[in-house]
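Please read the structure below before turning to the comments.
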2 protein chains.
Amino acid sequence: MMLKLATNIKYYRKQYNWTQQQLANELAISRSVIAKWENGDVLPDLMALIKLSRLFNQTVDHLLGINSQTDQLLNDFQQFYQTNSENEPVIDENLLNTIDYLVKNPLLKEQIERLSHLSIKQQKAVQRILQTTLNEAERL
Amino acid sequence: MMLKLATNIKYYRKQYNWTQQQLANELAISRSVIAKWENGDVLPDLMALIKLSRLFNQTVDHLLGINSQTDQLLNDFQQFYQTNSENEPVIDENLLNTIDYLVKNPLLKEQIERLSHLSIKQQKAVQRILQTTLNEAERL
DNA sequence: GTAAAATGTTCTTATTAAGAACTAAAAGGA
DNA sequence: TCCTTTTAGTTCTTAATAAGAACATTTTAC
């Protein structure tokens, strides 16, 4: 698994114009450990990682260089909030309405969750059935 | 430092209806380790944690239960929501994931929009069919 | 109530990160 | 340039701790 952690630690330390010693002091650990983190020789333990994320004001995910789905989505949200009118945001009015609908229909929300846990093939099958059902219903 | 990691691992494992053994298999580790994680006896190492976040579709920050941007945004969204509608919707982490899923599945999003425009009676009928379909799919 | 499954616990082993001390490389000043 | 000081990299040892196996307990299903 490719982690950007080492690079990021070094990067953010320098952003703050800290020496390894200064960072080590902040974390109350020995300096050589920082060196090893930054060179990818060793991974910090969880607690140290969390402290780092606080110090650097970054999410753990970002420090690790993981671009999780949720993070991606959050970015979209943020964009939506910040730029209300520019490029068409991923989160549009329609989606907001859909979310609203989901919020008011916990059962449906749960069903979609369940759907998302199926295999891709099964998901598609279910969606085909849903499509047919909707077509039927709309004809009435 | 107070971590909600143990609780969260157990919670999301159960969300997926997995036994400790099944989760252990997914991660290719021994089951007793899962038990210890869930009881807070031991912290998973970084790589295991990342795998968990992938499996559960959650940010590492959220799994850890540390005050992350995600949680912050959730609050914002909650506020945004409450000021824009009369009901008090419950926006939780799962909803975020569901939204994410919708964003990635435009067809499904459209289907839900269509569903929302049907009469209540029809909506219920469609949902019953969906329920049955999901039950079927999950049995396989 | 019993059998099977799922979970919790203990003990040992193995992994690996931390720290100290040493080495090497930059940075700064005469 | 040479010297000094600061900063960073490396090695070796020690200590911490997570993983696994085996066993114990609890829960679930019949």
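All values derive from a computational prediction rather than experimental measurement. Below, chain A is the first sequence line, B the second, and so on; all start at residue 1.
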Might you work through the side chain to side chain donor-acceptor pair (under 3.5 Å) test for A/Gln21 and A/Asn25, ending with a clear yes or no? CA-CA 6 Å; A/Gln21 186 60 60; A/Asn25 293 344; 3.0 Å; yes
Considering every strand and a 4.0 Å limit on heavy-atom distances, what is the contact class for B/Leu43: base, sugar-phosphate, or nothing? sugar-phosphate
Looking at D/dG9, I'd like to know if its phosphate oxygens (OP1 or OP2) sit under 4.0 Å from a side-chain N or O belonging to A/Gln20. yes
By nearest nucleotide on DNA chain C, pick out whichever of B/Thr19 and A/Ala28 is the more 5' one. B/Thr19
Would you call A/Lys51 and A/Glu26 a salt bridge, using N to O less than 4.0 angstrom? no
Looking at B/Arg13, I'd like to know whether one of its side-chain N or O atoms comes within less than 4.0 Å of OP1 or OP2 on C/dA6. no
May I ask you to say what B/Trp37 touches in the nucleic acid, namely base, sugar-phosphate or nothing, with a heavy-atom cut-off under 4.0 Å? sugar-phosphate
Hey, does the side chain of B/Lys10 come within less than 4.0 Å of C/dG8's phosphate (OP1/OP2), counting only N and O? yes
Whole angstrom is fine here: how far is it from CD1 in B/Ile34 over to P in C/dG8? 11 Å
Applying a 4.0 Å non-hydrogen cut-off, can you work out what B/Ser30 is touching in the nucleic acid: base, sugar-phosphate, or nothing? base
With a 4.0 Å limit, can you tell me whether A/Arg31 has a side-chain N or O closer than that to the phosphate oxygens OP1/OP2 of C/dA20? no
Interatomic distance, A/Leu5 atom CG to A/Leu49 atom CG [nearest 0.5 angstrom]: 6.0 Å
Contact check, side chains of A/Leu64 and A/Lys4, non-hydrogen atoms, under 4.5 Å: no
